[in-house]
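Okay, so here's the structure we're looking at.
No experiment lies behind these values; they were computed from the predicted model shown. Starting from 1, each residue takes its place in the sequence as its number.
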Amino acid sequence: MKWQTRSTAVLGAALVMGLVAGCGGPDAPATGDRAGKEGAPTARKGPAWTGKAIPGLAAEASWSLSSEEAGSCPGYAGTVSNGRAEDERCVVGDASALVVEEPRKEGATGTRFTVRLRDLKTGTVRKKLTVRVAADPGDTADSAGTTAAEHVQVGEWKDGSPALLVRSRVHTPADGLEKERLRSVFTMYDPSGRKLGSSAFDDDAYDGLPVRRGYLVADGDGDGDDRKYVPIGAGKTVGTALKGETELGTRIDAGFGVSISSDVSYQPSAEWLVATDARTGKKLWSTEELEPPAAIREQLDEETGTSSWIAPLQEGRAVLGWSVYAEESRGGVLTIIDAKTGRRLTEGPASDYSTGTDDDAAAVSPDGRTVVTQYGEGAVAWDTGSGKELWRQAEGEQNIRPVALPGNGVLYAELDESGPAALRMRDKKLLRTGIEKLPEFSRNGYAVVNAGNGFFVFATQHAERTPRT
């Protein structure tokens, strides 16, 4: 049986994409030496935290740095390298990455950055990297306007592990018969500073392109929406077979990922959500063929089908929201599916809104058992194993946009009127508003707050043990 659906593909900043291995070049973009000799900072080497205690974090920072010493945090490798503030990433696995632009010597061209990878537990410098960005000799202006976030970024390696991406640029003057060359060099490091792979390319053909799972994502060689994935390090370039109106950036799965597109129908009124293998172009599943939840099926007729929207959850799984295709909202049902097959894993709670939007988000706990899903103008928390609802937004409440659910009893979120806030996860009780900046969490029990007066690292703790100030 075919089921009528209308679909909206919802993207998330935390999307991951698994890819096949890649090819490399001989140039090294950065120099570095083990910098443990710089040592761990003393208990109060940097400024003391003077703000209110943040629920779920220790009252005092484990260590800190002044803003001048810390510099800035890297950008995010998965988007175009434009250095946007909202793409800031300070954490690489169990380390922090901080970038300082070095003073320019008189007459020097180009820009030089120093990157320090610090152990999040102690603050010890694990590795110091020097990143050189040569000026383009053909331009009237040099690279003085370049930013740290454009050339140092946080991403993932080919196995999905955290990695630091360095984008350098090397200028080689003409010499004899050798032509002048300007090369872009991409190098990735693990959280300890070990080089994972490096590739160099002539000119600026790949400048600014996103890097996902150790691959540069570039336009393909065809005339459609195909893409090619150019490896950093050893391996082969991989092309995709997708054409037409396909959202290639929407990936909710490991491997080369599941891409989402839509197929409009008028009799009955529907817009199918179609999942396709990004590498081969092979159709994997469609909501036209999936069976909707019973509460949705009961509302269908010959002329009206269903709507659906999808948001990433964790590798291999996605939240799929179902509702009736209609001008007026009739509510919906949330489910969790296997991204490659479309098979329903869990049927969750009903939602009050028919469709998701481009701003929707989902925060999932480290064990994957709890998720807070935003849908249109509200949020609901539920157990991903049983589908049991834990709580939902009530009428008249500020919209909760979930940001992080690190497993310490706190949901960190953006409220549409109060801004950054912390809520008790079990009952959405508001613990604190007016937080200057929401923490960024590591995988080993630490949280980073890059605030206006310094860079602070806190140990996480359960919300019930957070001191009140």
Side-chain angles (χ1 to χ4, degrees), residues 14 32 34-49 51 53-77 87-100 114-129 148-149 152-157 160-166 188-196 365-366 403-410 412 422 435-451 453-463 465-466:
R34 290 289 171 187
K37 61 186 179 183
E38 296 194 11
T42 59
R44 280 301 167 195
K45 178 180 179 181
W49 177 256
I54 299 176
L57 307 187
E60 295 186 0
S62 299
W63 57 274
S64 65
L65 299 170
S66 67
S67 297
E68 292 75 15
E69 184 178 6
S72 61
C73 291
Y76 174 53
D87 287 337
E88 177 183 280
R89 301 288 193 276
C90 303
V91 173
V92 188
D94 62 352
S96 68
L98 294 168
V99 190
V100 174
T114 296
V115 186
R116 289 179 175 84
L117 283 165
R118 292 180 181 267
D119 186 285
L120 276 174
K121 182 177 181 179
T122 65
T124 303
V125 176
R126 293 177 175 176
K127 184 83 170 182
K128 183 169 69 174
L129 304 167
V152 183
Q153 300 167 344
V154 175
E156 306 88 24
W157 188 236
S161 61
L164 185 73
L165 169 67
V166 170
M188 299 195 78
Y189 300 87
D190 71 9
S192 295
R194 179 177 65 90
K195 186 163 72 172
L196 298 169
S365 61
V403 174
L405 193 61
N408 61 347
V410 180
Y412 300 89
I435 299 174
E436 179 182 348
K437 196 168 189 179
L438 290 177
E440 182 183 353
F441 294 90
S442 73
R443 300 183 179 184
N444 66 331
Y446 289 89
V448 164
V449 179
N450 188 24
N453 64 328
F455 179 85
F456 301 87
V457 177
F458 298 87
T460 59
Q461 60 184 31
H462 199 276
R465 298 195 296 273
T466 301

- With rounding to the nearest 0.5 Å, note down the distance linking CE in Met188 to CD in Glu156. 7.5 Å
- Message: Please determine whether side chain to side chain contact (heavy atoms under 4.5 Å, CB included) holds for the pair Phe441 and Val91, giving the CA-CA distance in whole Å, both sets of side-chain angles, and the decisive distance to 0.1 Å.
- Response: CA-CA 7 Å; Phe441 294 90; Val91 173; over 6 Å; no
- Query: Which pair of non-hydrogen atoms, one from Ser192 and one from Lys127, has the smallest distance, and what is that distance?
  - Reply: O-CB, 3.9 Å
- Task: May I ask you to say whether Asp94 pairs ionically with Arg126, meaning some side-chain N is under 4.0 Å from a carboxylate O?
- Result: yes
- Any side-chain heavy-atom pair from Ser96 and Val457 closer than 4.5 angstrom? no
- Measure up the Phe456 and Trp49 rings against each other and bin them: parallel (under 30°), tilted (30 to 60°), perpendicular (over 60°). perpendicular
- Query: What pair of heavy atoms forms the shortest contact from Pro439 to Leu57, and how long is it?
  - Reply: CG-CD1, 3.9 Å
- Query: Are any non-hydrogen side-chain atoms of Ser72 and Leu98 less than 4.5 angstrom apart?
  - Reply: no
- Item | Reported CG-to-CD distance for the pair Asn450 and Glu436, which is rounded to 0.5 angstrom | 9.5 Å
- Query: More than 12 heavy atoms of other residues, nucleotides or ligands under 6.0 Å from NZ of Lys437: is that the case?
  - Reply: yes
- Evaluate the side-chain proximity of Pro162 to Val154: yes if any heavy-atom separation is below 4.5 Å, no if none is. no
- Query: How close do Gly56 and Asn408 get, heavy atom to heavy atom, and via which atoms?
  - Reply: O-ND2, 3.1 Å
- Message: Side chains of Val448 and Leu120, heavy atoms from C-beta outward: is any pair under 4.5 Å?
- Response: yes
- Query: Out of Leu165, Val92, Leu129, Leu196, which one pairs with Tyr189 under the side-chain contact (heavy atoms from CB on, under 4.5 Å) rule?
  - Reply: Leu129
- Shortest non-hydrogen contact between Arg118 and Gly123, atoms and distance: NH1-O, 2.9 Å
- Quick one: are Thr122 and Trp63 in side-chain contact, heavy atoms under 4.5 Å? no
- Item | Minimum heavy-atom distance Pro47-Ser64, with the two atoms named | O-OG, 2.6 Å
- Heavy-atom pair of closest approach, residues Glu440 and Cys90: OE1-N, 2.8 Å
